[in-house]
Amino acid sequence: MAADLGAYRKWYPPFLTLAGFILCCYGLRGLGASFAITRWPVIPARVVQSAVDSVSEGGFRPRISYEFFLAGRRYLGGGIDRPATADHPASRSLAFNEAKAIATRYHVGQELLAGFDPENPSRTVLHPRFNWWTLAPVVLGALFGGFGVVIWRQRRRAIETVPTP
């Protein structure tokens, strides 16, 4: 029995529009977090560990640990470009040479500035700057959603212009 392609095609526009909306929402969340990092205050920190770790995906990650003192309390940080959490490590998997090059930039005892989240000082990052890649999901979501709306409108126009017998 042949499948009715028209029945499948009528779901394309709503699917694309919904997928675009969801992707935009996801992207806006990351965009907001990336922008918030740029407003974090910075504090002097000192590198206490600089090494390269092997990860299960077959690559390597630089492990940079640094300490800073805030209101008489010692904090340890590990985020380089973005905050490290249990779910998201501080950096992605790299080739050994790349990870080693990053680790050698930060030698033990080096003084530097680290940004910290004022609401949770354990969330830190060495380079508090905007991550332009957080725009990608927003742009893709807008494209998907826009494409879905355009197809939807074209389909409606085509249906309205078909003469009825």
- How close do A103 and V52 get, heavy atom to heavy atom, and via which atoms? CB-CG2, 3.9 Å
- Message: Taking ring-ring contact (aromatic ring centres under 6.0 Å, His included) as the definition, give me every residue that meets it alongside F69, ordered by chain and number, with sequence neighbours left out.
- Response: none
Compile the donor-acceptor pairs under 3.5 Å between side chains in residues 13-35 and protein atoms, sequence neighbours left out, one pair per line.
| unit_1 | atom_1 | unit_2 | atom_2 | d |
| --- | --- | --- | --- | --- |
| T17 | OG1 | P13 | O | 2.8 |
| S34 | OG | N131 | N | 2.8 |

- Task: Taking side-chain hydrogen bond (donor to acceptor under 3.5 Å, both in side chains) as the test, write out the residues that go with S65, two or more places apart.
- Result: Q49
- Return yes when atom CZ of F147 has more than 12 non-hydrogen atoms of other residues, nucleotides or ligands closer than 6.0 Å, and no otherwise. no
- Message: According to salt bridge (Lys or Arg N to Asp or Glu O under 4.0 Å), who are the partners of R105, at least two apart in sequence or on a separate chain?
- Response: none
- Message: Please list all pairs meeting salt bridge (Lys or Arg N to Asp or Glu O under 4.0 Å) that have one or both residues in residues 15-26, counting only residues at least two apart or in different chains.
- Response: none
- Message: For R73, is the CZ atom crowded, meaning more than 12 foreign heavy atoms sit under 6.0 Å from it?
- Response: no
- Who else is in the cluster with V48 when I, L, V, M, F, W and Y are joined by side-chain contacts under 4.5 Å? L76
- Query: Is there a path of hydrophobic side-chain contacts, each under 4.5 Å between heavy atoms of I, L, V, M, F, W or Y residues, that connects W132 with V139?
  - Reply: no
- Results of side chain to side chain contact (heavy atoms under 4.5 Å, CB included) for P44 - residues two or more places apart only: L113
- If you link ILVMFWY side chains whenever their heavy atoms are less than 4.5 Å apart, which other residues fall into the same cluster as F116? By chain and number, please. I43, F68, L70, Y75
- Near E119 CD, under 6.0 Å, is it more than 12 heavy atoms from other residues, nucleotides or ligands? no
- Message: Testing the basics here: between V55 and R61, what is the closest heavy-atom pair and its distance to 0.1 Å?
- Response: CG1-NH1, 3.2 Å
- Query: For the atom pair OG1 (T124) and OH (Y66), what is the distance rounded to the nearest 0.5 Å?
  - Reply: 3.0 Å
- Task: Output all residues satisfying salt bridge (Lys or Arg N to Asp or Glu O under 4.0 Å) with R74, sequence neighbours left out; order by chain, then residue number.
- Result: E67
- Check side chain to side chain contact (heavy atoms under 4.5 Å, CB included) between V108 and all other residues, then give those that pass, not counting sequence neighbours. none
- Item | Partner residues of N97 under the side chain to side chain contact (heavy atoms under 4.5 Å, CB included) criterion, sequence neighbours left out | none
